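Written below as structure tokens is the structure these notes are about.
Not measured: the values here are computed from a predicted model. One is the number of the first residue; the rest follow in order along the sequence. For ligands, and for the atoms within them, numbers begin at 1 and follow the listed sequence.
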Amino acid sequence: MSRPQPPGTPEIAVRGLRKSFGANEVLRGIDLEIGRGEVVCVIGPSGSGKSTLLRCVNLLEEPTAGRVFVGGTELTDPDVDIDAVRRRIGMVFQQFNLFPHLTVTENLTLPQRRVLGRNKTTAAQVAAENLRRVGLAEKADAYPASLSGGQQQRVAIARALAMGPEVMLFDEPTSALDPELVGDVLAVMRKLADEGMTMMVVTHEMTFAREVADRVVFMDGGVIVEDGAPERVIGDPRHERTRHFLSRLLDPAMAEVEEETSDQVGGGGPVPG
Ligand SMILES: Nc1ncnc2c1ncn2[C@@H]1O[C@H](COP(=O)(O)OP(=O)(O)O)[C@@H](O)[C@H]1O
Ligand SMILES: [Mg+2]
């Protein structure tokens, strides 16, 4: 299954990706490459297609057109063993989706046993290793309800890591958390990045994007508007749409005023001048 790839093969490659839901074209031609060990943060307004893009990268959504490659294997090839490819991709959502009736360890061992067919002992060892990795070894026997949101999200990250993925996709992993719990989750993600994990992260944590990402991609209206180094895209955006989005992020009070008047100005479109 895993053929050796020529050097320089991107870990993730998206070519001419389009996705429609009925008449609504949500992705309008996305081209993106992410190298091995690269961390790319995806930012953009609500509804711009960020989640749909991530979901197309592991084929949770079937693209309408275009091709997606992970580790050189084409996911959009009709003959591909999609379950085998998907095992190489870990995904972390805003909602942690832990089983409430299972302990932390059981939440980590169940998918390893079901999907990878690991035996109980091996699965438990891998679970313990990955709980250590996210700083939660002492919570192995706890139930999710007894953990904070930040701890539950770190368990969800450990659960994904326990499957041994080559690539990790994160969809706003800290958006559901109280502000004081965000830091611990970002610290775990930063450590993963330092260890060389290939990561695609939808987030509005600009400090994380600046300090950890190799590149920042700004999406709007189903297209990539800008793609570049964080200090360039965040610090010196070339497009008015990016500047507009960033200024609203930095000053949410402005955003509220604008949303109230956006019907009149046809909100979301490029600002003239
Ligand atoms: N399963 C779906 N069925 C129909 N429309 C969808 C579905 N998923 C997303 N959409 C639509 O696609 C657009 C982009 O959504 P999404 O990718 O979630 O954006 P973002 O993550 O940037 O907020 C939205 O208009 C949303 O309503
Ligand atoms: Mg989303």
Side-chain angles (χ1 to χ4, degrees), residues 12 14-32 34 39-68 70 75-76 82 86 89-97 149 152-153 156-157 160 167-177 179 182 185-186 189 199-206 208-209 213 215-228 230 233-234 237 239-250 252 255-256 258-259 262-263 266-270:
I12 299 174
V14 172
R15 310 222 188 274
L17 178 65
R18 292 177 175 272
K19 175 67 184 176
S20 298
F21 295 104
N24 184 15
E25 189 171 48
V26 169
L27 299 177
R28 301 165 178 248
I30 301 279
D31 290 283
L32 181 66
I34 300 181
V39 177
V40 172
C41 282
V42 180
I43 63 174
S46 177
S48 57
K50 306 178 300 294
S51 294
T52 304
L53 172 59
L54 274 195
R55 293 169 60 81
C56 282
V57 168
N58 67 359
L59 242 57
L60 285 175
E61 296 289 355
E62 198 184 332
T64 310
R67 306 170 80 187
V68 177
V70 171
L75 276 70
T76 36
I82 187 62
R86 234 185 236 136
I89 308 170
M91 181 131 181
V92 174
F93 302 88
Q94 187 174 323
Q95 302 303 336
F96 331 120
N97 304 320
Q152 290 187 51
Q153 187 60 300
I157 294 172
V167 165
M168 286 283 285
L169 311 177
F170 294 86
D171 193 357
E172 302 206 40
T174 60
S175 297
L177 300 177
V182 167
V185 172
L186 293 179
M189 292 167 62
M199 293 164 57
M200 190 168 170
V201 185
V202 175
T203 185
H204 293 139
E205 294 293 335
M206 287 300 129
F208 179 85
R215 273 158 57 210
V216 169
V217 166
F218 172 68
M219 282 182 72
D220 195 11
V223 298
I224 291 178
V225 177
E226 300 204 38
D227 176 349
V233 175
I234 300 172
H239 292 264
E240 178 54 35
R241 282 199 274 178
T242 320
R243 277 197 286 276
H244 186 67
F245 171 76
L246 289 169
S247 68
R248 285 167 53 132
L249 254 197
L250 297 175
E256 277 170 36
E258 283 179 24
E259 263 155 29
S262 65
D263 286 346

Is the distance from the Mg ion (ligand 2) to the nearest N/O/S atom of T52 under 2.8 Å? no
At a 4.0 Å cut-off, with the gap strictly under it, does some heavy atom of G22 reach an atom of ligand 1?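 Flag not set, G22 not near ligand 1.
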With a 4.0 Å cut-off on heavy atoms, does G44 reach ligand 1? no
Please write down residue, atom name and distance for the protein heavy atom closest to [atom].
atom: atom 27 (O) of ligand 1; value: N24 ND2, 4.9 Å
atom: atom 11 (C) of ligand 1; value: V26 CG2, 3.9 Å
atom: atom 18 (O) of ligand 1; value: S51 CB, 3.6 Å
atom: atom 22 (O) of ligand 1; value: K50 NZ, 2.7 Å
atom: atom 3 (N) of ligand 1; value: F21 CD2, 3.3 Å
atom: atom 16 (P) of ligand 1; value: T52 OG1, 3.7 Å

H204 vs F245, ring pair (Phe, Tyr, Trp, His ring centres under 6.0 Å): CA-CA, chis, key distance, verdict: CA-CA 11 Å; H204 293 139; F245 171 76; 5.5 Å; yes
Should K50 and D171 count as an ion pair when the cut-off is N to O under 4.0 Å?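 Looking at K50 and D171, the cut-off is not met.
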Using modelled atom types only, decide if a donor and an acceptor are shared between the side chain of N24 and the backbone of G22 within a distance under 3.5 Å.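 Side chain of N24 to backbone of G22: no pair is present.
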Can you give me the closest heavy-atom contact between [X] and [Y], atom names plus distance?
X: V42; Y: M219; answer: CG1-SD, 3.9 Å
X: V92; Y: A160; answer: CG2-CB, 4.3 Å
X: L60; Y: M91; answer: CD1-SD, 4.3 Å

First locate atom CZ of R215, then atom CD of E226, and finally report the distance between them rounded to the nearest 0.5 Å. 13.0 Å
Here the gap from I30 atom CD1 to I224 atom CD1, rounded to the nearest 0.5 Å, amounts to 4.5 Å
Quickly, which of I89, L32, V57 forms a side chain to side chain contact (heavy atoms under 4.5 Å, CB included) with I12? Name it, please.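 Only match with I12 under side chain to side chain contact (heavy atoms under 4.5 Å, CB included): V57.
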Is atom 8 (N) of ligand 1 in close reach of the protein, with a heavy atom under 4.0 Å away?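 Protein heavy atoms within 4.0 Å of atom 8 (N) of ligand 1 - there is at least one.
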Could you tell me whether some N/O pair between G49 and ligand 1 is separated by less than 3.5 angstrom?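 There is such a contact, yes.
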Ranking G222, G47, G221, C56 by closest non-hydrogen atom to atom 20 (P) of ligand 1, top hit is G47
I need the atoms of ligand 1 closer than 4.0 Å to a non-hydrogen atom of P45, numbered in the order shown.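 So the answer, numbered in order with elements, is 22 (O).
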